[in-house]
Structures are given as C-alpha cells and as structure tokens.
J.: 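The structure that follows is given in the form of structure tokens.
In what follows, chains carry the letters A, B, and so on, assigned in the order in which the sequence lines appear, proteins first and then strands, with residues in each chain numbered from 1.
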Protein chains: 2
Amino acid sequence: MATGKRQSLGPADWTRAALDALARGGLAAVAVEPLAKELGTTKGSFYWHFADRNALLAATLKLWERRDTERVVASLDEAPDPLSRLRRLLHLAFSSVGDGEAETAGTVELALQASASQPLVAETLARVTKRRLEVLSALYVELGLAPARARDRALLAYTAYLGHAQIAHATPDLMPRGRAFTTHVDDVVKALVDVD
Amino acid sequence: MATGKRQSLGPADWTRAALDALARGGLAAVAVEPLAKELGTTKGSFYWHFADRNALLAATLKLWERRDTERVVASLDEAPDPLSRLRRLLHLAFSSVGDGEAETAGTVELALQASASQPLVAETLARVTKRRLEVLSALYVELGLAPARARDRALLAYTAYLGHAQIAHATPDLMPRGRAFTTHVDDVVKALVDVD
DNA sequence: CCTCCTCCATACGCCTCCGTATGGAGACTT
DNA sequence: AAGTCTCCATACGGAGGCGTATGGAGGAGG
C-alpha cells in the first residue's frame, strides 16, 4: 500500500529530479549529493533506493525514453494525409525548440548528445534516434519516395532539427526572433518537404 | 625538437595539448593535472605559464578560433562561380565529418557546443558560428537570393551540418556508410543548393 | 666561482563527489 | 509492549581536481 501520499521519497522522485538536472546541467549534473540537497534529503536515502549512480542514470534514461516514445506516437495522429502530417510534425519540432526564451524542449536530448561517450547514453540515444528516423522515413515513403531516398531525406530532416536545437540552445542570439523565426521555420519546413 | 630548440615547455605546448584533449574528451578533459601527466611534467610547470585553468581555456579557444578562421578563408577560394563554391563547401563540410571511422573534423566544435554554458565558450562559439553563417549567406546571395531568404537558407545549411556532425559523432551506426554515405551527402547538398 | 633568474618538482590544503558503514526514528506487526 | 522492518542521517575513507607555497636544478651573467 505504498501509493497515495507518502512523505517519504521513492525512486520515482529521484529519477524525476535527475531528469530535471539532466536538462539543466547536463550529465554531470546528475550527481547524488547535489540531488540530495535539492530534494532536501541526504545520500543515505539515495543509496537505499539505488545501487549506485549508474542505476539512477539508467532509470532516468529509461524514463526519458518512455516519455519521448509516448510523445512521438501521440503526435503521429492528427491530419489524415501524409504531407500534412509531415508538415505538422516538422513544424512542431522546429517551433518547440525555442523561439525567444522558452527552451524547454530538446534540452535533454542535447545533453545526451553531448555525453554519448557514456555507453548507456549512447544506447538509448541510438534507439530513440533510430525510431524517429523510421517515423520520418515512413512519412517520406508515404509521400512517394523510394525507401533509400526516403531515408536520406529523413536523415536530412533530423539532422536539420538537431542542429536547429543546437543553435537555439548554445548561441540563441544567432537564431531569428519573433516573426523572423516563424518565417525561417516555414522556409525550413518547405525545403524539407519539397521532394522535387 | 620541432619548433625551437628548447626542451622546456612553453604555453604553446599546453594549449596544443589542451586542444587535443578538448577534441577527445570534451571541456572536462581540459584539466591541468591530467594534461601535465600527458606532457610528462607536473602542475608546477603549468602554473608558471598560466594564471589558472581559465587562462588555458581562453588560450585554447583562441587557438581553435584562429585555426578555424584560417581554414574557412582558405577553403573559400577555388572554383569561380558561386554555385560551384557552395557545392564544394558543403560537400567538403559534410564529407569531412566522418564517414566510416575517421572522426577528425568538427569534434572540437561539438565539444564546445556541448559546453556552451561556459561564457568563454559561448562567446567564441558565437563568433565562429556568426562568421560561418555570413559566409554561407553571402554565397546564397551570390546565387540570387534576397538577403533575408539567403540568411534563412544559410541557417538551414549550417544546422544541417551541425546535426550531421552530431549524429556522426554520437550515433555513427545510424549514419550510412561507404557508398550510401556518399549518395546521402550528394542528396543533402542537392537539397541545400536547390533554391527553387 | 658566485649569483640571479627561469623553469619545474613536490608537498600541502581545500573542495566536490562517490560509495560504505552504522545507528537510529517511525511505523507496522504480533 | 516488545520486536521488526523501512527509510534516512551522519560519519568515514578514498579519488581526483584546483590552486599555493616552497625548494631546488640549471643555465646566463657578472
């Protein structure tokens, strides 16, 4: 009977905090003692629920991957024709990355991308990226492209998204703002959808 | 040995080693004691030539930026017409990033991109990115695009390059190999050059 | 030869993080 | 009420990094 309102912490609290820290400060920020301080507790609590830091990392990555998968399949509906779906998907992805100041989306992904030397990170990143590429590729196939070319275009679209997120995060001053941002996204989507 | 005839180390040796370490292990690898061990010396040497770690970082970033600038202006010649130049530039950039195993180019850039929280890093990264975008933008203008659209296309090309490098570095298994890689790059260049 | 000045080695204190050991404070059972 | 189990606090040892202090080794100059 653990559900309900317990005042004591569970593993879920730690993974949630770790995911937050990961988004804010990268992989290095997923550290036991700082997280403990942030949660108002001590390491004693952590090492009760987890074997070591790596176990927390694994759980955190799992949580992120699960959320991401849900998000992907969720956004896959809406709009019947493939062209609209692709447009909508790209537009959402590129817009969410960060106009102005709100930089909520994609920061975890960038943090992981930066720490791909860690095997655990590399694995989950590979899985997620693979899945996204498959989704994109399928959409291009629906648009009438041959599988090989569809995969190329999917890769281009995804790399563009990645770099877009990268710029928006690292050097946001070089990203157009407000109206210019909107037109830029429109232009990008147009270029990526256009399959001559 | 190579440069002068001094067997004692100078600041240049440290910055070169630091740049290497930066490419290999990211910003965290630019650490005094590990570098000292690698150079076969101790911290005593380092703190004679530099005030602190931050000074080394500044010098290292400066070195990279200088090299990068030279590389950019050097690759800007060759080929008379703008379309050939753009093609050549993009092809070079995307190809150098890492077919197969050789991952020499762009790793420093990715390391910096990952550590943009550091103000020093953010500054130099912004300068370099800005300059590259200007070069690309100018090329698109030469191709006949209006300045605003040229800048959008330049940003798209650069973000695609960034993401391309990102994928090649973090999840190289998802990048086509050999012949497929070549055709992919061709396809990408074609899509980026095409300005309908 | 002696001295000074450059360059580096060694040793130290401080900090942050990891992981372990151990001793409770509560709650829950019997 | 006593025992037991869950969860956490505290204390400890170790590793690795930063920066400082201090003492040479060795050549340049007098």
Side-chain angles (χ1 to χ4, degrees), chain A residues 1-61 111-112 114-115 117-121, chain B residues 1-61 111-112 114-115 117-121:
Chain A
M1 11 231 310
T3 52
K5 61 294 185 73
R6 60 198 301 171
Q7 45 164 344
S8 67
L9 287 77
D13 301 285
W14 285 95
T15 54
R16 256 184 286 117
L19 193 55
D20 274 31
L22 181 59
R24 287 198 314 268
L27 195 64
V30 182
V32 178
E33 282 163 327
L35 283 180
K37 201 169 299 179
E38 186 185 321
L39 287 175
T41 180
T42 65
K43 303 194 300 181
S45 170
F46 175 81
Y47 284 100
W48 173 258
H49 298 289
F50 294 89
D52 53 8
R53 179 182 181 262
N54 213 50
L56 173 63
L57 224 73
T60 306
L61 292 175
L112 297 186
S115 306
S117 51
Q118 196 89 12
L120 240 73
V121 173
Chain B
M1 287 232 274
T3 55
K5 55 286 184 93
R6 60 197 300 174
Q7 46 165 341
S8 67
L9 287 77
D13 301 287
W14 285 97
T15 54
R16 255 185 285 116
L19 193 54
D20 274 30
L22 181 59
R24 287 199 312 269
L27 195 64
V30 183
V32 177
E33 282 162 328
L35 283 180
K37 201 169 299 180
E38 186 184 321
L39 286 175
T41 181
T42 65
K43 303 194 298 182
S45 170
F46 175 81
Y47 284 101
W48 174 260
H49 298 289
F50 294 90
D52 53 7
R53 179 180 181 264
N54 214 50
L56 173 63
L57 225 73
T60 305
L61 293 176
L112 296 186
S115 306
S117 50
Q118 196 89 9
L120 241 71
V121 173

J.: Output yes when a side-chain donor or acceptor of A/Asp20 lies under 3.5 Å from a complementary backbone atom of A/Ala23, and no otherwise.
T.: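 Not at all, since once roles are kept as given, no pair shorter than 3.5 Å links the two residues.
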J.: Give a yes or no on whether the backbone of B/Thr42 and the side-chain of B/Ser45 come within a donor-acceptor separation of less than 3.5 Å.
T.: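 A pair under 3.5 Å: no.
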J.: Could you give the CH2-to-P distance, from A/Trp14 to D/dC7, as a whole number of Å?
T.: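 Interatomic distance, CH2 of A/Trp14 to P of D/dC7: 14 Å.
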J.: Tell me the interatomic distance from B/Phe46, atom CZ, to D/dA21, atom P, rounded to whole angstroms.
T.: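 Rounded to whole Å, this separation is 16 Å.
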J.: 5'-most contact on DNA chain C: B/Trp48 or A/Ala51, nearest heavy atom basis?
T.: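 In this pair, the answer is B/Trp48.
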J.: Check side-chain hydrogen bond (donor to acceptor under 3.5 Å, both in side chains) between A/Gln118 and all other residues, then give those that pass, not counting sequence neighbours.
T.: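 None.
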J.: How is B/Thr41 classified with respect to the nucleic acid when contacts are heavy atoms under 4.0 Å: base, sugar-phosphate, or nothing?
T.: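 Sugar-phosphate contact only.
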J.: Could you list the donor-acceptor pairs under 3.5 angstrom formed between side-chain atoms of residues 28-41 of chain A and any protein atom two or more places apart in sequence or on another chain?
T.:
residue : atom : partner : partner atom : Å
A/Glu33 : OE2  : A/Lys43 : NZ           : 3.2
A/Glu38 : OE1  : A/Arg24 : NH2          : 3.2

J.: So, does A/His49 get its side chain near the phosphate of D/dC8, meaning an N or O under 4.0 Å from OP1 or OP2?
T.: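 The answer is yes; a side-chain N or O of A/His49 sits under 4.0 Å from OP1 or OP2.
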J.: Rounded to the nearest angstrom, tell me the gap between atom CG in B/Asp13 and atom C1' in C/dC7.
T.: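 For the pair B/Asp13 CG and C/dC7 C1', the rounded distance is 13 Å.
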J.: Donor-acceptor pair, distance only, cut-off 3.5 Å: does the side chain of A/His49 make one with the backbone of A/Asp13?
T.: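 Here the side-chain-to-backbone pair does not exist.
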J.: Specify the separation, in whole Å, of atom CG of B/Leu57 and atom C1' of D/dG17.
T.: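 The answer, rounded to whole Å, is 15 Å.
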J.: Out of curiosity, B/Thr60 OG1 to B/Leu27 CG, how far, rounded to the nearest 0.5 Å?
T.: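 Answer rounded to 0.5 Å: 9.5 Å.
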J.: Anything under 3.5 Å between a protein N or O and an N or O of nucleotides 14-18 of chain C, put it in a table, one pair a line.
T.:
residue : atom : partner : partner atom : Å
C/dC18  : OP1  : A/Val32 : N            : 3.1
C/dC18  : OP1  : A/Arg53 : NE           : 3.4
C/dC18  : OP2  : A/Val32 : N            : 2.9
C/dC18  : OP2  : A/Glu33 : N            : 3.2
C/dC18  : N4   : A/Glu33 : OE2          : 3.4
C/dC18  : N4   : A/Lys43 : NZ           : 3.1

